[in-house]
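Just so it is clear, the model here is predicted, and its values are computed rather than measured.
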Amino acid sequence: MKLRMCAEGRVRRARTAASVVAAVALVLSGCGAGGGSAPETGSDSTTLSVVVEGGGKAELQPVADLYEEETGTEIKLVELPYAGLYDRVSSELKAGEPSFDVAALDAIWLTAFAPGLAPIDDLFTDDVTADLFGGLVSEAQVDDRFVGMPVWTNSEILFYRTDLFEDPANKADFEEEYGYPLAPPTTWEQYRDAAEFFTRDTDGDGEIDLYGTDVKGAVETEWLATVSQAGEEHMVLDAGTNEVTIDDEAHKAALDYYVSLLPYAPSGAAQLDWAGSQNLFYQGQLAMMRFWGHAYRQTPDDSPVKDDIGVAPMIGGSGGVAGVPGAWYLSVPATGTNQEAAKDFIRFAYEHNDLSADTSLGLVARKSAFESKDGVAGYEHYPALVTTLESPQSLPRPATENWQEIVDSVLVPMLQKAVEPGADTGKLLEDAKAQIEAIVQ
């Protein structure tokens, strides 16, 4: 199965959200949202259609199979490519004639699609919200209505080479040079020190063949995480007021730190995206990378570092540890004909969220689903994900229908310019502010 990232990690295929109706998933069934049951009164259907992006079908399949077994209702998972899912949901919600009963939606679409989605407030009991990360609960609400139930979430965490970090010679040399023990970094300063230390010519041919880190210019989420790490409460803009914040002190500090890593990263940063970064790490060319947690279960068998990968929480700046949640939500169309049955399936999916942990991506949403794999081999990345997602600064992206347009037309082009030699980061942020203001005002 092709590896899927969260929305901004993919090729830019999503349409701008302005054309919509106004961009990767407990245990203890019987607690939380209530027991699963047959579809409630009001549905005359024995089939529910669920549209889902290709990478998420495997996450929902075990839930769908168990629901069919326990209720007799067939769950038809309709798999679509990312852009195709967006287009289909957008057009059918706008027309008020959905061909689906449930849609798995990227978090960045919720604000734009909200006018066409049914409220599911009754599913968000106190027990439910207590078992979800705070950022997911807030992201699920648009205009004080819950319009989606998180089904899986993700975040960047720290990946590092254990063979390098645990090597006695490296430990001794690092401590002599930097004055503290070599360990997986937790701060900006430690990360930069480790990146510098491991950037080297390992075979003596005069060419650097091991880099401490990468710098991604073709995707924006890693820089946004850095913005939150700098202590920013409103990344890019305050969605409540449309005040653009991208030129403030925290954004400038984050961009300056981001580009400060360029001497310890391979060339071509302006074009480096998630797939390119992952390939560099798996080939053994990077000592560290900040990457989506699901990749821990996706390491190719032929990777030379397959047995030498360690994970830790995302690094932190002055504001502390922070990642950007990459969540997907199950939603119900407001004009759907099987709304009660659809809500029952969503309730069931929440209660059996732990089933998704055993899929290829292994993504879940509930805290208890993560905790159910404590100490289980193959899930060593779960504690790092939980620590990162529980951080107060792991904030969702702004809830604006213009977000995808801002990403595509402003943020990525700005980062691609910022990683070029001699870039004026302050001027780039000022220009970005003017561009974003023109979009949102």
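The distance from the CD atom of E53 to the CG atom of L105 is 11.5 Å, given to the nearest 0.5 Å. With rounding to the nearest 0.5 Å, the separation of CG in L237 from CD in E243 is 9.0 Å. In this structure, CG on L210 lies 8.0 Å from CG on L286, to the nearest 0.5 angstrom. To the nearest 0.5 angstrom, L80 atom CG is 10.0 Å from F100 atom CZ. Taken to the nearest 0.5 Å, the OG atom of S155 stands 6.5 Å off from the CG atom of L385. Atom CD of E380 and atom CG of D374 lie 11.5 Å apart (nearest 0.5 Å).
For the residue pair D344 / Y67, a side-chain donor-acceptor distance below 3.5 Å is found, with atom types taken as modelled. With 3.5 Å as the limit, one finds a donor-acceptor pair spanning the side chains of Q190 and T186. A donor atom on one side chain and an acceptor atom on the other are not found under 3.5 Å apart for Y257 and Q229.
With contacts defined as side-chain heavy-atom distances shorter than 4.5 Å, the pair D101/P333 does not qualify. When side chains are defined from C-beta on, F124 counts as touching L132, because their heavy atoms get closer than 4.5 Å. You'll find the side chain of I246 reaches within 4.5 Å of the side chain of L411, heavy atoms only. Using a 4.5 Å heavy-atom cutoff, the side chains of I157 and H381 are in contact. Looking only at side-chain heavy atoms (C-beta outward), S228 and S394 stay at 4.5 Å or farther from each other. Using a 4.5 Å cut-off on side-chain heavy atoms (C-beta onward), P185 and F165 make contact. Looking at R88 and S99, their side chains come closer than 4.5 Å, going by heavy atoms from C-beta outward. Contact check for V215 versus Y258: side-chain heavy atoms found under the 4.5 Å cut-off.
Without hydrogens or angle criteria, N154 side chain to W292 main chain gives no donor-acceptor distance under 3.5 Å. For T245 (side chain) and V236 (main-chain N/O), a donor-acceptor pair under 3.5 Å exists by modelled atom type. Without hydrogens or angle criteria, Q298 side chain to H294 main chain gives no donor-acceptor distance under 3.5 Å. Checking side-chain atoms of S303 against main-chain N and O of Y282 turns up a donor-acceptor pair under 3.5 Å. Judged purely by atom type and a 3.5 angstrom limit, N242 has no side-chain atom pairing as donor or acceptor with the backbone of Q441. One N or O on the side chain of T335 and one on the backbone of G96 form a donor-acceptor pair closer than 3.5 Å. For D248 (side chain) and H251 (main-chain N/O), a donor-acceptor pair under 3.5 Å exists by modelled atom type. Side chain of N353 to main chain of V151: a donor-acceptor pair is present (N/O by atom type, distance under 3.5 Å, no hydrogens or angles).
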For this session: Test ring-ring contact (aromatic ring centres under 6.0 Å, His included) on F281 and Y160 and set out the steps.
Result: CA-CA 9 Å; F281 186 78; Y160 64 94; 9.0 Å; no

For this session: Report the C-alpha separation of T213 and R192 in whole Å, then their side-chain angles, then the decisive distance to 0.1 Å, and conclude whether the side-chain hydrogen bond (donor to acceptor under 3.5 Å, both in side chains) test is met.
Result: CA-CA 9 Å; T213 186; R192 185 161 48 204; over 6 Å; no

Problem set entry | Test log, rule side-chain contact (heavy atoms from CB on, under 4.5 Å), inputs V410 and I439 | CA-CA 10 Å; V410 182; I439 291 172; 3.9 Å; yes

For this session: Go through the steps for N279 and Q285 under the test side-chain contact (heavy atoms from CB on, under 4.5 Å), then give the verdict.
Result: CA-CA 9 Å; N279 187 52; Q285 297 180 42; over 6 Å; no

For this session: Determine, step by step, whether Y379 and F370 satisfy the ring-ring contact (aromatic ring centres under 6.0 Å, His included) criterion, reporting the C-alpha distance in whole Å, the side-chain angles of both residues, the deciding distance to 0.1 Å, and the verdict.
Result: CA-CA 9 Å; Y379 296 88; F370 283 104; 9.8 Å; no

For this session: Would you check, one step at a time, whether the test ring-ring contact (aromatic ring centres under 6.0 Å, His included) holds for Y264 with Y211?
Result: CA-CA 6 Å; Y264 321 120; Y211 292 89; 9.7 Å; no

For this session: Any chance you could lay out the side-chain contact (heavy atoms from CB on, under 4.5 Å) test for V50 and K76, step after step, and finish with the verdict?
Result: CA-CA 6 Å; V50 181; K76 182 180 180 182; over 6 Å; no

Exercise. Passes side-chain contact (heavy atoms from CB on, under 4.5 Å), F345 versus V63? Steps please.
Worked result: CA-CA 9 Å; F345 174 71; V63 176; 4.2 Å; yes

Exercise. For E59 and T359, what are the C-alpha separation, side-chain angles and deciding distance, and is it a side-chain hydrogen bond (donor to acceptor under 3.5 Å, both in side chains)?
Worked result: CA-CA 6 Å; E59 299 293 296; T359 62; 2.5 Å; yes

Exercise. Are E222 and K216 close enough, and set up right, to give a salt bridge (Lys or Arg N to Asp or Glu O under 4.0 Å), and what steps lead you there?
Worked result: CA-CA 8 Å; E222 188 163 298; K216 306 176 187 73; 2.5 Å; yes

For this session: Test D247 against K433 for salt bridge (Lys or Arg N to Asp or Glu O under 4.0 Å), laying out the working first.
Result: CA-CA 6 Å; D247 65 336; K433 179 178 182 178; 3.5 Å; yes

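Contact detail for I309 and F159: the closest heavy-atom pair is CG2-CD2, 3.9 Å. Annotation for L164 and L182: closest pair O-CD2, 4.2 Å, computed over non-hydrogen atoms. Minimum interatomic distance between S277 and M289 (heavy atoms only, all atoms of both residues): OG-SD, 3.9 Å. In terms of heavy-atom proximity, A312 sits nearest to P184 at CB-CB, 4.3 Å. Closest heavy-atom contact between G323 and T388: N-CG2, 3.8 Å. Counting all heavy atoms, side chain and backbone alike, A327 lies closest to E139 at CB-OE1, 3.9 Å.
Residues D354 and K373 are not paired through a salt bridge, judged by the lack of any N-O separation under 4.0 Å between the basic side chain and the carboxylate. Checked for salt-bridge contact, E371 and K367 miss the test: no charged N lies under 4.0 Å from a carboxylate O. The residues D163 and R161 are annotated as salt-bridged, a charged nitrogen and a carboxylate oxygen being separated by less than 4.0 angstrom. Electrostatic pairing of K306 and D301 counts as a salt bridge here, judged by a charged N lying under 4.0 Å from a carboxylate O.
Around CD of E390, the count of heavy atoms belonging to other residues, nucleotides or ligands within 6.0 Å exceeds 12. Dense packing is recorded around CD of E437, with more than 12 heavy atoms of other residues, nucleotides or ligands lying under 6.0 Å away. Other residues, nucleotides and ligands contribute only 12 or fewer heavy atoms inside 6.0 Å of the CD atom of E97. D144 CG: 12 or fewer foreign heavy atoms inside a 6.0 Å radius.
Partner of L224 under the side chain to side chain contact (heavy atoms under 4.5 Å, CB included) criterion, out of V219, L395, V324: V324 alone.
Residues passing the side-chain hydrogen bond (donor to acceptor under 3.5 Å, both in side chains) test with T425 are K252, D256, sequence neighbours excluded.
Classified by interplanar angle (parallel below 30°, tilted 30° to 60°, perpendicular above 60°), the ring pair F291/W274 is perpendicular.
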